[in-house]
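What follows is a short report on a single structure.
Here is how names work: the chains are called A, B, and so on, in the same order as the sequence lines, proteins then strands, and each is numbered from 1.
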There are 2 protein chains.
Amino acid sequence: MDGSPSDQDQAPASVSELLDRLDGLGATLPKRLGQCADYLRHNIHLVAVSTVADLSAGAGVQPSAFMRFCQALGFSGFSEMQALFRAEYRELRPDYAERLSQLRERGEEDPEGLAASFAEAGHKSLVSLMNGLASEKLGAACRLLAAAGTIHLVGLRRAFAIVSYMGYMLDKMEVPTVIHRTSGQIESDHAIRPGDALFAVSFTPFSQETLQLAARTAERGIPVVALSDTADCPLREAAKVLLIAREVDVGAFRVPTAAMTLATSLAVAVGGMRKDRLTIRSNGSKME
Amino acid sequence: MDGSPSDQDQAPASVSELLDRLDGLGATLPKRLGQCADYLRHNIHLVAVSTVADLSAGAGVQPSAFMRFCQALGFSGFSEMQALFRAEYRELRPDYAERLSQLRERGEEDPEGLAASFAEAGHKSLVSLMNGLASEKLGAACRLLAAAGTIHLVGLRRAFAIVSYMGYMLDKMEVPTVIHRTSGQIESDHAIRPGDALFAVSFTPFSQETLQLAARTAERGIPVVALSDTADCPLREAAKVLLIAREVDVGAFRVPTAAMTLATSLAVAVGGMRKDRLTIRSNGSKME
DNA sequence: GCCGATTTGGAATATCTATTCCATCAACGG
DNA sequence: CCGTTGATGGAATAGATATTCCAAATCGGC
């Protein structure tokens with residue numbers, strides 16, 4: 001009831017608490033335990049389904065070292081730590097996995113089975129989105145759009161849902177935005193002025209209107225950021241940055257889950273950056 | 001070394017193969033093994049992170065019975081079966097969980113961190129969508145829409161992305177569809193004719209225009225199907241069926257992942273049903 | 001209601017996994 | 001350069017966990 005001094009010695013109660021503590025220990029750990037920390041950070045998902053032997057081998061240390069590592073984190077041993085991961089894993093999917101697999105079996109005739117298939121596809125799309133996201137490209141896209149005067153959005157057919165949602169978000173954040181829904185490009189071209197930027201969304205099969213607007217805009221030296229579902233899309237040439245969001249199909253259909261997620265992230269990030277810029281400006285302290 | 005006749009005795013190579021085999025064995029299993037099968041079907045997600053003792057206790061049988069069950073499925077024992085589940089788990093998220101947690105730590109300043117948070121939220125939204133889906137309601141919604149002459153879609157602001165995507169899909173499947181984007185309701189009301197149906201989407205805070213159009217349409221005796229993010233939404237009264245898709249927010253923002261998934265499922269199911277109906281009609285064999 | 005076949009429960013065992021221990025090694029301060 | 005402290009590797013041990021075995025129970029056909 002007394003001995004224990006600060007906090008070091010009680011075990012983390014959740015995975016994110018554990019990660020915090022890992023950061024806290026930082027570089028104070030001896031070499032081998034440091035290797036364990038590194039490996040853990042990069043392979044959290046393995047803990048629930050692996051043995052100390054597996055993990056220590058992965059980290060390139062002896063099992064005993066890994067054991068000491070667990071204790072350094074505040075656990076009594078590996079088993080206690082693993083229990084944490086297993087518990088968290090169980091919680092995340094209470095009866096979900098169950099229903100999903102039952103429903104999927106029911107086939108894609110039944111509406112609920114269909115929904116299950118689409119949900120499953122959504123999970124996969126998100127996984128692949130996050131695995132494939134190139135950090136620099138996303139950052140570059142944000143900077144281009146944040147630096148623009150007005151942001152112009154174009155996307156037709158299935159891409160229209162994306163730009164319409166993006167337009168809604170940007171507008172809510174008071175970012176000057178125009179959605180180009182037209183095929184008659186008469187007004188579009190002139191509305192896009194130097195200092196602006198164009199965000200073009202197009203999926204296979206690509207709409208000519210979108211491609212052409214993007215091409216003409218790029219020719220005029222106005223930056224174009226593109227979002228597509230494949231890297232060899234015709235927008236590649238016009239775009240300064242081409243973002244990719246692949247979706248997993250269900251039969252001939254798909255939900256634009258990954259694209260929507262990426263577009264929303266972009267919009268929110270751009271909104272945040274512009275707000276910062278404004279704040280700084282109005283302080284008068286710095287000009288961008 | 002020959003006895004083994006057909007196929008019964010080689011182990012399944014994937015979880016879905018295993019589920020197939022489970023269905024195959026069907027009711028031929030003795031009582032205790034039947035219990036195991038039931039329990040397994042409802043708790044597949046537990047296999048990777050549990051022991052035979054846990055699982056057999058859950059199923060209400062002796063460990064030895066569970067053991068025999070594994071063997072009946074074609075595995076050499078429990079460990080071999082568990083290995084399958086663990087392998088599949090590892091594959092699904094290769095370095096995904098890793099990145100996600102790293103990125104999320106980076107906070108929601110950084111665009112990539114934001115994307116990670118939204119992706120995580122998307123997973124959760126899909127989980128809760130599937131857990132909360134009431135089978136009858138979805139089926140009823142499909143039937144109402146499939147029976148309609150023209151399907152009218154309405155949804156403004158953030159809901160517009162949903163209806164625009166739905167409109168695209170329905171149109172692709174040659175289902176007569178109209179998207180009402182107007183606030184001036186002059187034409188809308190008359191365009192919606194007896195025999196048609198209205199699909200209304202609205203999230204908090206609700207747009208008056210959508211609510212009013214739904215109310216007026218319902219008053220005229222035309223069926224209204226609604227999609228919202230909460231059960232006590234004003235559409236509840238006008239709608240014959242109210243579908244709910246809750247999203248997990250990131251700060252003040254959200255991606256309409258669950259709603260988009262539900263709407264797409266609905267559209268595809270309706271498209272399928274109408275096609276069936278047409279086929280049957282043209283065969284002349286049955287009239288709906 | 002008896003007999004053979006099948007299923008069941010529970011304890012015994014084999015295997016695998018976590019954990020500890022200690023001799024050796026490297027780092028650091030005097 | 002030596003002695004102390006802390007880290008390391010590897011083997012020994014303790015503890016779980018899976019797996020097998022067999023006696024008892026149950027079921028089905030006659």
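- Judged as a side-chain hydrogen bond (donor to acceptor under 3.5 Å, both in side chains), and not counting sequence neighbours, the contacts of A/E80 are A/S76.
- Here D/dG28 presents its P atom at 12 Å from NZ of B/K31, a figure rounded to the nearest Å.
- One interatomic measurement links the two molecules: CD of B/Q82 to P of D/dA18, which rounds to 7 Å at whole-angstrom precision.
- Rounded to a whole Å, the CG atom of B/L33 is 17 Å from the P atom of D/dT26.
- Using a 4.0 Å cut-off on heavy atoms, the residues of residues 49-62 of chain B that approach DNA chain C are B/Q62, listed by number.
- Listed for the A/S125 side chain is a donor-acceptor partner under 3.5 Å among the backbone atoms of A/V248.
- Taking atom CE of A/M67 as the reference point, atom P of D/dG15 lies 13 Å away to the nearest angstrom.
- Partners of A/T51 according to the side-chain contact (heavy atoms from CB on, under 4.5 Å) rule, which considers only residues two or more places apart in sequence or in another chain, are A/A53, A/D54.
- With the nearest nucleotide of DNA chain C identified for both B/A65 and A/R68, B/A65 has the one nearer the 5' end.
- Taking A/F66 as the reference, A/F69 meet the ring pair (Phe, Tyr, Trp, His ring centres under 6.0 Å) condition, with sequence neighbours excluded.
- Whole-Å rounding puts the B/Q71 CD to D/dA18 C1' distance at 11 Å.
- Taking 4.0 Å as the cutoff to heavy atoms of chain A, we find the contact window on DNA chain C bounded by C/dT17 to C/dT20.
- Applying the salt bridge (Lys or Arg N to Asp or Glu O under 4.0 Å) test to residues at least two apart or on different chains, the pairs with a partner in residues 245-261 of chain B are B/D229-B/R254, B/D249-B/R254.
- Residues passing the side-chain contact (heavy atoms from CB on, under 4.5 Å) test with B/V49, sequence neighbours excluded: A/A48, A/V49, A/R86, A/Y89, A/R90.
- Side-chain atoms of A/S64 lie closest to D/dG10 of the nucleotides D/dG10, D/dA18, D/dT8.
- Residue B/R32 contributes atom CZ, which lies 14 Å from atom C1' of D/dC27 at whole-angstrom precision.
- Using modelled atom types, one finds no donor on one side chain facing an acceptor on the other under 3.5 Å when comparing A/Q71 with A/R68.
- Within the structure, salt bridge (Lys or Arg N to Asp or Glu O under 4.0 Å) contacts touching residues 256-268 of chain B (residues at least two apart or in different chains) do not occur.
- The side-chain contact (heavy atoms from CB on, under 4.5 Å) search around A/Q62 returns A/S64, not counting sequence neighbours.
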